[in-house]
There are 2 protein chains.
Amino acid sequence: MSSCAACPVRDLSFCNALSDEELDHLNRVSSDVSLTTGQSLFDEGAPADHVFNVTSGAMKVYKLLSDGRRQITGFLFPGDFLGLSTRDAYAYSAEAVCSTQLCRFNRQKLEHLLRDFPKVERRLLGIANDELALAQEQMLILGRKTAKEKIASFLLMLSRRAKKSGSQSNPIALPITRTDMADFLGLTTETVSRTITQLKSSGLITLLPGNEVRLESLEALEDMAEGE
Amino acid sequence: MSSCAACPVRDLSFCNALSDEELDHLNRVSSDVSLTTGQSLFDEGAPADHVFNVTSGAMKVYKLLSDGRRQITGFLFPGDFLGLSTRDAYAYSAEAVCSTQLCRFNRQKLEHLLRDFPKVERRLLGIANDELALAQEQMLILGRKTAKEKIASFLLMLSRRAKKSGSQSNPIALPITRTDMADFLGLTTETVSRTITQLKSSGLITLLPGNEVRLESLEALEDMAEGE
DNA sequence: CGCTCAGTTGATCATTATCAACTTGGGTGG
DNA sequence: CCACCCAAGTTGATAATGATCAACTGAGCG
């Protein structure tokens, strides 16, 4: 039986708006979910019965066109909330990037609980606003940046994110395939691969064993990401 | 002196969560703003002292790269809220697309008021979620659709939006320049112009005097927008 | 009346996609 | 334990979509 009070991401997540006692109420409507790499959590259009919180691992959320073209709209890491922007049906599909644990809430029950805890609602509004800001940044990347700028922006984003959640932010973990990076950045796997090779040869990054990347010059990468 | 109770967009906006009496409190912290075409409301990075609600006209919000490349992240129409996704500083610039009226709220005061009106907070959360869903749709458009699909999606979006706010949804008003469309869709003005010409010659749309566009077949446009 | 800006159209270019072959590495079964 | 297998990644050659550069049109406005 899981305990919210002992949750490893409690400090990162929306639940940190609650006291220990209040957390008990939340605990009663939550359960755990475990996913293996590539396993689907839900599909776009399915009835949105639950919302989730990532506790370990990583998720990707994406939208598909009928011919198979895919746009990954976000990656979610420990502490991230999954299920905002959802009314009756999920607006996107969600899938595990690697072995991932989530905690699951019944949507109805959680919404009912929210009425007693306006603090949590305020926190969710803040989270939604942060996600909106991220989405706008991503639109700038997708609509106006070159392949090089996109990759640089992406690596920096991962680094900042890692720092925010207390992981090491310089040699960063890159559990994401070229295909997923491509579908996130509006490129093809080949272009991603070539661009990373370029960054490597120009000395801006180094690929380390175990899917890690060392950013050799944050400053140079930031300039590149902003097109300077 | 403006009156929230007589506001033309009251039904469309976040304020509709309030009773007449509660609306008085809101009234006291609001004032009116009038902008002419092209006039700037605020710039990215400026201290975010106010939030706004569009009452008539249309706004665009955008982000810039240092070399002048621009990504418009959204157009705002009567009833739309402006200032979500903002913490201390505005995350984007905002400018009037045509002659536009807004009502303005002091951020601090509004946030203070929110504590007394959790209904409004819930409403804002809903609005933020809707915006997130729109943003995700836009990412799909920017990252994975062709020029033709982008233009078709955009015209349909305008039509749906007009319907939602009670305007006529078929010959749609298009107060937006080719340049702005291009910066919204990640294209150039030339490509927008050529693509619209193509849609026109294939009989899917007709340009009418007064910047109106008639969508000749919603179904065909929808198929095109989804890449079918 | 002419000026300016938005829009259109044409010619050419370049970035990135596409198609294809090959390499690498991790996991599994013989 | 080794060898094989498959998926992910890399690299190369060519193609295509949309960008760029340029000239021209037309409408609104001083």
Side-chain angles (χ1 to χ4, degrees), chain A residues 36-39 60 65 67-72 95 97-99 141-154 173-202 205-213 224 227, chain B residues 36-38 60 65 67-72 95 97-99 141-154 174-202 205-213 224 227:
Chain A
T36 60
T37 305
Q39 204 177 342
K60 57 189 172 200
L65 290 172
D67 62 1
R69 278 175 287 171
R70 184 177 68 150
Q71 178 66 42
I72 294 182
E95 198 178 303
V97 165
C98 51
S99 176
I141 290 174
L142 288 169
R144 285 300 181 218
K145 291 194 183 180
T146 65
K148 233 177 189 173
E149 292 161 2
K150 285 176 176 182
I151 299 284
S153 304
F154 178 68
L174 189 62
I176 295 163
T177 66
R178 300 286 183 263
T179 306
D180 283 351
M181 287 176 65
D183 283 349
F184 183 58
L185 297 173
L187 299 169
T188 57
T189 57
E190 293 94 330
T191 300
V192 170
S193 183
R194 277 186 248 271
T195 307
I196 286 181
T197 301
Q198 274 181 269
L199 292 183
K200 213 167 42 181
S201 3
S202 54
I205 61 173
T206 308
L207 301 192
L208 307 173
N211 287 324
E212 293 210 328
V213 182
M224 171 167 295
Chain B
T36 61
T37 305
K60 59 189 171 198
L65 290 173
D67 62 359
R69 278 176 286 172
R70 184 177 68 150
Q71 179 65 42
I72 293 182
E95 198 178 304
V97 164
C98 50
S99 175
I141 291 174
L142 288 169
R144 286 300 181 217
K145 291 194 181 178
T146 65
K148 232 178 190 171
E149 291 162 2
K150 284 176 176 181
I151 298 286
S153 304
F154 179 69
L174 188 62
I176 295 164
T177 66
R178 300 286 183 263
T179 305
D180 282 352
M181 289 177 64
D183 282 348
F184 183 58
L185 297 172
L187 300 169
T188 58
T189 56
E190 293 94 330
T191 300
V192 170
S193 183
R194 278 185 246 272
T195 307
I196 286 180
T197 302
Q198 272 181 269
L199 291 182
K200 212 167 42 180
S201 359
S202 54
I205 63 172
T206 309
L207 300 193
L208 307 172
N211 287 325
E212 293 210 329
V213 182
M224 170 167 295

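These numbers were taken from a predicted model, which means no experiment stands behind them. Residue numbering restarts at 1 for every chain, and letters A, B, ... go by the order of the sequence lines.
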Legend entry - Per-nucleotide protein contact string for nucleotides 24-30 of chain D, where B marks a base within reach and S marks sugar-phosphate only (heavy atoms under 4.0 Å, - for neither): -------
Inset, instruction - Would you give a per-nucleotide map of nucleotides 8-20 of chain D, 5' to 3', where B means the base has a protein non-hydrogen atom under 4.0 Å away, S means only the sugar-phosphate does, and - means neither? - result: -SBBBB----SSB
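In this structure, Glu212(A) contributes its side chain and Leu207(A) its backbone to no donor-acceptor pair below 3.5 Å. In this structure, Arg70(B) contributes its side chain and Phe184(B) its backbone to no donor-acceptor pair below 3.5 Å. Judged by distance alone, the side chain of Gln71(A) and the main-chain N or O of Asp183(A) form a donor-acceptor pair under 3.5 Å.
Taken to the nearest 0.5 Å, the CZ atom of Arg178(A) stands 10.5 Å off from the OG1 atom of Thr195(A). Between Leu174(A) atom CG and Phe154(A) atom CZ the span is 6.0 Å, to the nearest 0.5 Å. With values rounded to the nearest 0.5 angstrom, Glu149(A) atom CD is found 10.0 Å from Ile141(A) atom CD1. Atoms CG and OG1, from Leu199(B) and Thr206(B) in turn, are 11.0 Å apart once rounded to the nearest 0.5 Å.
When every heavy atom of Gly227(A) is checked against every heavy atom of Asp67(B), the shortest pair comes out as O-OD2, 4.4 Å.
Note that the two end axes of the helix from dC1(C)-dG30(D) to dG30(C)-dC1(D) enclose an angle of 30°, each drawn from 5 base pairs, rounded to 10 degrees.
Rounded to whole Å, atom P of dT16(C) lies 17 Å from atom CG of Asp183(A). One interatomic measurement links the two molecules: CG of Leu185(A) to C1' of dA17(C), which rounds to 15 Å at whole-angstrom precision.
Two residues are said to be in side-chain contact when any heavy atoms from C-beta on lie closer than 4.5 Å; Ile151(A) and Met181(A) meet this criterion.
Within a 6.0 Å sphere centred on NZ of Lys148(A), other residues, nucleotides and ligands contribute 12 heavy atoms or fewer.
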